Amino acid sequence: MDLTKNFEPKAVEDRWYKHWVKQRYFNSKPDGRPAFTVVIPPPNVTGVLHMGHTLNETVQDILVRKARMSGFNACWVPGSDHASIATEAKVVGMLKEKGIDKNSLSRAAFLKYAFEWKDKYGSIIYNQIERLGCSVDWDRTTFTMDDHYYKAVIKVFIDLYNKGLIYRGARMINWDSSAKTALSDEEVEYKDLTGKLYHLRYKLDTVKEAYISIATQRPETIMGDTAICVNPNDERYAHLKGAYAFVPLINRRIPIIFDDYVDPAFGTGALKVTPAHDINDYNLGLKHNLEVVDTINEDGTMSTAAQIYIGEDRFVARKKIIKELLEKNFLTREEEYTTRLGYSQRTGVVVEPRISTQWFVKMKEMAGPALNAVVDGNIKIHPGDKFLATYKYWLENVKDWCISRQLWWGQQIPAWYDAEGRMVVAETENEAKEIFNKQFPPTGQAGSIPNAQLSQDADVLDTWFSAWLWPIEVFKGITEPGNKEANYYYPGSVLVTGQDIIFFWVARMVMAGMEYEKQIPFKDVYFTGMVRDKLGRKMSKSLGNSPDLLDLIDKYGADAVRFGIMVSSPAGNDLMFDENSLEQGRNFNNKIWNALKLVKMWEGRQAISLEPLADSSQLTAYSFPLDWFSNRLNEVRSEVDTLMKQFRLSEALKTIYSLIWDDFCSWYLEWVKPGFEQPVDSAVYTKTVSYFEELMQLLHPYMPFVTEEIYHLLKEQTDDLCMKQFATVKAVDKKILAHGELLKQVITTIRDGRNKNQLKPKEAIKLFIETNAIESYNSIVHILSKQVNANELSFTKEAIANTIVVAVEKDKFYIKTEKDLDTSTLKVDLLKDLEHQKGFLSAVEKKLSNERFVQNAKPEVLAIEQKKKADAEARIRTIEESLSTIS
RNA sequence: GGGCUGUUAGCUCAGUUGGUUCAGAGCAUCACGUCGACAACGUGAGGGUCGCUGGUUCGAGCCCGGCACAGCCCACCA
């Protein structure tokens with residue numbers, strides 16, 4: 001078989017993914033095995049996967065594949081979120097490009113366009129998930145607006161309404177003037193920026209030419225002022241009790257009111273009160289029974305109530321008003337001021353506080369169980385301490401959740417109104433009528449058809465009001481409560497998601513889970529960090545620093561992408577994404593590929609001998625590396641299991657990487673490698689192939705394609721790697737492992753000695769070993785001489801003159817060569833080492849002569865120190881002897 | 001304003017209940033090397049007072065206090 005020079009991922013990826021899907025390996029049905037359930041955090045249906053998703057999906061796939069290979073019935077549910085605001089904004093934009101105004105369309109016509117859009121672009125993310133190699137059960141793909149899902153959302157709304165946990169009311173909410181919808185508190189992102197504070201003077205009605213000055217950042221809202229408020233203890237303003245002021249430009253007469261809320265030290269100590277456009281003013285207004293004048297329209301332009309600049313955008317109006325205020329001598333001062341502004345998470349526009357009638361969920365009652373689930377440790381958060389406090393704080397201080405959105409794309413709120421505004425909540429119009437008739441019986445006029453006209457609430461529900469049911473309804477746990485699948489798969493095993501949606505989603509899923517399933521939705525939550533670019537900046541479209549996933553996969557291969565993103569992402573830490581690490585992944589692929597090529601070369605050259613090996617010296621030569629690697633493999637497998645259980649996936653990957661590259665390729669293969677065109681012992685060959693298979697299995701969850709490919713190239717297989725069950729980890733023999741480490745150290749030390757003396761690799765040496773433990777070398781002399789290119793190897797009891805001397809622990813190695821030796825560098829090294837050893841020895845001696853140490857330290861620590869002392873003394877003797885042979 | 005986290009090699013980060021020569025890994029750097037797995041590579045090497053400062057301890061990268069710097073989250077001060 002001809003193998004290509006390097007691993008070529010493209011064809012391999014496509015072939016294996018198709019095969020896995022065809023074999024239905026990723027499809028899950030309830031059975032006798034324990035379930036391992038993961039629900040994907042559904043990406044926005046019209047979005048593309050960014051690097052954050054890539055990290056997320058990779059982590060999930062690793063966990064799912066590992067579970068699938070460890071006796072679990074793994075079920076990973078894919079899907080997407082309708083993302084009401086984001087998607088509607090995109091569809092509106094698309095229509096605009098076609099010259100269609102959303103307002104000119106009926107609701108039904110708009111939704112038709114939206115679904116077309118969804119059908120067209122919704123598959124992009126699925127394709128990316130597939131290319132990445134994710135082992136999701138495609139038969140279970142769920143969309144948050146699927147029929148059953150839609151019903152579930154409506155059912156939950158009605159249920160919570162009937163329980164009194166949902167209410168409708170007029171409140172100050174966050175308004176997105178671009179999407180023209182309300183937002184929840186969580187959908188507002190605050191940014192610090194420098195603004196200006198304008199000092200304006202308002203004419204008073206007390207004395208002629210008397211003014212009161214206020215400070216504001218938003219002069220365009222003065223037309224909505226309905227009072228000026230000062231602190232009752234502020235003597236400067238005490239004389240204004242009962243006085244009135246006039247709003248500049250429009251001359252409305254407003255009262256001066258007194259309230260502790262005002263900080264006399266801030267600004268001028270006087271506050272303009274605009275109940276329609278500021279949450280604090282709104283509260284003041286409620287308290288003091290002030291009029292509310294709403295001067296801004298839902299699209300952010302000035303309303304007729306503003307009287308001036310009607311129809312102009314509020315920020316344009318601001319500039320013009322400032323100019324006019326200045327001209328008319330109302331603006332007395334401007335100062336720089338740092339402030340925080342709220343922006344809409346979805347559309348990026350500045351959020352307006354606005355009073356409007358919306359639907360809310362009462363959160364306090366549901367927060368309790370959700371809080372306990374985590375505090376009691378039923379749900380474990382990884383990394384724990386970092387997010388536990390955040391989660392707790394939010395739930396303890398949770399505010400009601402505004403769930404209505406003035407959009408069409410989403411689940412339409414099942415509330416029905418008659419012409420007089422009387423309302424009922426029901427699933428269908430017919431049901432609504434029935435309930436309505438019971439609740440509001442017809443007045444009794446004969447023949448009147450009662451309440452024929454009911455119209456449904458035009459608004460839809462917040463996307464997260466559907467997303468919070470995700471772990472339940474993907475198994476139809478809401479629409480068909482207690483069904484077999486829900487019982488089997490719920491609760492999920494682990495939720496993998498970004499820390500940025502801990503409130504939006506995680507906390508609310510726990511609430512929904514406790515409310516509807518009476519148990520937690522998942523046992524572990526693994527928070528991935530944020531993916532940043534090399535310079536530490538957040539990846540974003542506007543910066544153009546977010547690479548395209550499919551481009552990366554084309555360039556490096558899916559396995560390399562998975563490797564690159566995992567190798568640098570410890571749990572919960574942000575990761576600096578750098579294409580270098582993808583290159584490292586690609587190189588790793590090639591390294592494994594080349595190891596395969598080496599092993600394949602041996603396939604046809606196996607020794608025919610029926611005996612394990614005819615030559616007994618060779619038997620010992622090969623039995624050591626076989627034995628050693630088998631133990632090393634088991635050691636690492638157990639380490640990896642531990643690390644993965646702790647969700648330390650990045651470290652587990654590094655451990656496997658080092659096992660394959662260093663222990664397997666650099667040491668083991670070199671140790672068992674036959675000479676040029678020499679046959680390989682068939683026992684060695686068989687073992688090597690089997691180790692290779694085990695390595696591929698261990699790596700498979702991280703790099704599924706290359707491992708599956710190599711697994712099949714190694715030999716004819718009757719199964720596929722992705723379904724191969726892990727054997728139990730065997731106990732390891734620590735002595736053999738230590739012996740292996742010693743051998744590595746001896747080889748490295750001798751090679752270093754050769755290098756330092758400019759010996760070329762080709763130049764053979766004669767090696768003399770001075771040791772008290774000859775027996776420990778018996779099984780490794782063959783390897784040793786091969787690895788350091790020694791054509792003679794013998795033991796000695798005394799120093800050999802004119803040689804390079806190096807030492808490992810108490811053993812000394814004399815390197816004899818034909819070449820003239822320049823011992824000066826060697827001497828310098830030895831002297832340096834001697835000094836270090838002496839310093840070390842005195843430190844140990846000091847420790848040992850400290851009575852309190854000897855008294856208090858644990859016996860094993862004491863023993864270690866004594867051994868350190870003995871070793872150091874022996875080492876010093878060795879160095880001194882060596883020095884004497886040199887000079 | 002409140003809270004949380006971090007600071008270890010040039011860069012990105014490990015360091016598992018305080019105790020082996022414990023100061024590590026990968027990348028980057030330097031020297032040498034193309035006999036049949038691999039130059040996208042091999043063999044070696046050099047890099048750090050563990051942010052600063054006190055304390056606890058026989059013993060601190062690890063525990064405690066203070067400080068400096070960086071980042072994140074929360075909060076209605078015009």
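In what follows, every heavy atom counts, from backbone to side chain, and hydrogens, waters and symmetry copies are set aside. Quick note on labels: first sequence line is chain A, next is B, and so on, each numbered from 1. Note that the structure is predicted; figures quoted are calculated from it, not measured.
Salt bridge status for A/D554 with A/K10: present, with a side-chain N to carboxylate O gap under 4.0 Å. No salt bridge links A/K645 with A/D641; every basic N to acidic carboxylate O contact stays at or beyond 4.0 Å. With respect to A/K744 and A/D663, a salt bridge is recorded, a charged nitrogen being found less than 4.0 Å from a carboxylate O. The pair A/E352-A/R218 counts as a salt bridge, with a side-chain nitrogen and a carboxylate oxygen less than 4.0 angstrom apart.
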Polar-atom pairs under 3.5 Å, protein N or O versus N or O of nucleotides 27-36 of chain B: list them with distances, or write none.
| residue | atom | partner | partner atom | Å |
| --- | --- | --- | --- | --- |
| B/G33 | OP1 | A/K760 | NZ | 3.4 |

Identify each atom pair where a protein N or O and an N or O of nucleotides 61-65 of chain B are less than 3.5 Å apart, giving names and distance.
none

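Nucleotide B/C72: paired with B/G3 (Watson-Crick or G-U wobble, both distances less than 3.5 Å). For B/U20, there is no paired nucleotide, since no Watson-Crick or G-U wobble pair has both relevant distances below 3.5 Å. Base pairing analysis places B/C50 opposite nothing; no Watson-Crick or G-U wobble pair with both distances below 3.5 Å involves it. Of the nucleotides present, none pairs with B/A39 by Watson-Crick or G-U wobble criteria with both distances under 3.5 Å. Across all strands shown, B/U29 is found opposite B/A45 as a Watson-Crick or G-U wobble partner, with both distances under 3.5 Å. Under the Watson-Crick and G-U wobble criteria, each requiring two contacts below 3.5 Å, nucleotide B/U34 is left unpaired. Remark: B/A14 base-pairs with no nucleotide; criterion is Watson-Crick or G-U wobble with both hydrogen-bond distances under 3.5 Å. Pairing partner, B/A78: none, since no Watson-Crick or wobble contact has both distances short of 3.5 Å.
Look at A/R751 and you'll find a side-chain N or O under 4.0 angstrom from OP1 or OP2 of B/G44. A sub-4.0 Å separation between OP1 or OP2 of B/C13 and a side-chain N or O of A/K654 is absent. Regarding contacts with the backbone of B/A39, a side-chain N or O of A/K5 is found under 4.0 angstrom from either OP1 or OP2. Taking 4.0 angstrom as the limit, A/R648 places a side-chain polar atom (N or O) nearer than this to OP1 or OP2 of B/G15. Residue A/T748 has a polar side-chain atom (N or O) positioned under 4.0 Å from OP1 or OP2 of B/G44. Contact between the side-chain N/O atoms of A/S666 and the OP1/OP2 oxygens of B/U43 is found at a separation under 4.0 Å. Taking only side-chain nitrogens and oxygens, A/T339 comes nearer than 4.0 Å to OP1 or OP2 of B/A78.
Residue A/I710 contributes atom CD1, which lies 12 Å from atom C1' of B/A37 at whole-angstrom precision. Distance CD (A/E583) to P (B/C11): 21 Å, rounded to an integer number of Å. The CD atom of A/E865 sits 8 Å away from the C1' atom of B/U20 (whole-angstrom rounding). For the pair A/R586 CZ and B/G26 P, the computed distance is 20 Å after rounding to whole Å. Look at CD1 on A/I660: it is 16 Å from P on B/C41, rounded to the nearest Å. Atoms CZ (A/F503) and P (B/G3) sit 16 Å apart, rounded to a whole Å. Atom pair A/E670:CD and B/U43:P shows a separation of 7 Å (rounding to whole Å applied). Remark: C1' of B/U16 and NE2 of A/H382 are 15 Å apart, rounded to the nearest angstrom.
The residue among A/D185 and A/W602 whose nearest nucleotide of RNA chain B is located toward the 5' end is A/W602.
To the nearest whole angstrom, the two P atoms, one in B/A39 and one in B/A28, are 16 Å apart. When the C1' atom is compared between B/G10 and B/C63, the two are found 31 Å apart, to the nearest whole Å. The same atom, C1', is picked in B/C76 and in B/C67; the two are 33 Å apart, to the nearest Å. Distance check on atom C1': B/G48 versus B/U43 gives 25 Å, rounded to whole Å. Across B/G47 and B/U5, the matching C1' atoms stand 29 Å from one another, rounded to whole Å. Taking atom P in both B/C11 and B/C74, the straight-line distance is 31 Å, to the nearest Å. Comparing the P positions of B/G2 and B/C58 gives an interatomic distance of 38 Å, to the nearest angstrom. For B/A31 and B/G15, the C1' atoms lie 30 Å apart once the distance is rounded to whole Å.
No option in A/D278, A/D281, A/D225 other than A/D225 meets the salt bridge (Lys or Arg N to Asp or Glu O under 4.0 Å) test with A/K272.
Ring geometry for A/W661 versus A/F588: interplanar angle under 30°, hence parallel rather than tilted (30 to 60°).
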Could you go through A/K399 and A/D185, starting from their C-alpha distance and side-chain angles, then the distance that decides it, and tell me whether this counts as salt bridge (Lys or Arg N to Asp or Glu O under 4.0 Å)? CA-CA 9 Å; A/K399 290 189 195 123; A/D185 294 344; 5.0 Å; no
Between A/H199 and A/T268, is the side-chain hydrogen bond (donor to acceptor under 3.5 Å, both in side chains) condition met? List the steps. CA-CA 8 Å; A/H199 290 247; A/T268 62; 5.4 Å; no
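Counting non-hydrogen atoms under 4.0 angstrom, A/V262 reaches a base of the nucleic acid. If you check every strand for non-hydrogen atoms under 4.0 Å, A/R340 touches a base. Nucleic acid contact for A/F266: base, since at least one base atom lies under 4.0 Å from a heavy atom of the residue. At the heavy-atom level, A/F588 lies nowhere under 4.0 Å from the strands shown. At the heavy-atom level, A/K869 lies nowhere under 4.0 Å from the strands shown.
Aromatic ring centres of A/Y556 and A/F563: separated by at least 6.0 Å. Aromatic pair A/F664/A/Y668: centroids less than 6.0 angstrom apart. Taking the six-membered ring where the residue is Trp, the centroids of A/W602 and A/Y685 are separated by 6.0 Å or more.
Side chains of A/K847 and A/N850: no donor on one and acceptor on the other come within 3.5 Å.
With A/Y343 as the aromatic partner, A/K191 meets the cation-pi criteria of under 6.0 angstrom to the ring centre and within 45 degrees of the ring axis.
Under 3.5 Å, the side chain of A/K591 and the base of B/C38 form at least one donor-acceptor pair of N or O atoms.
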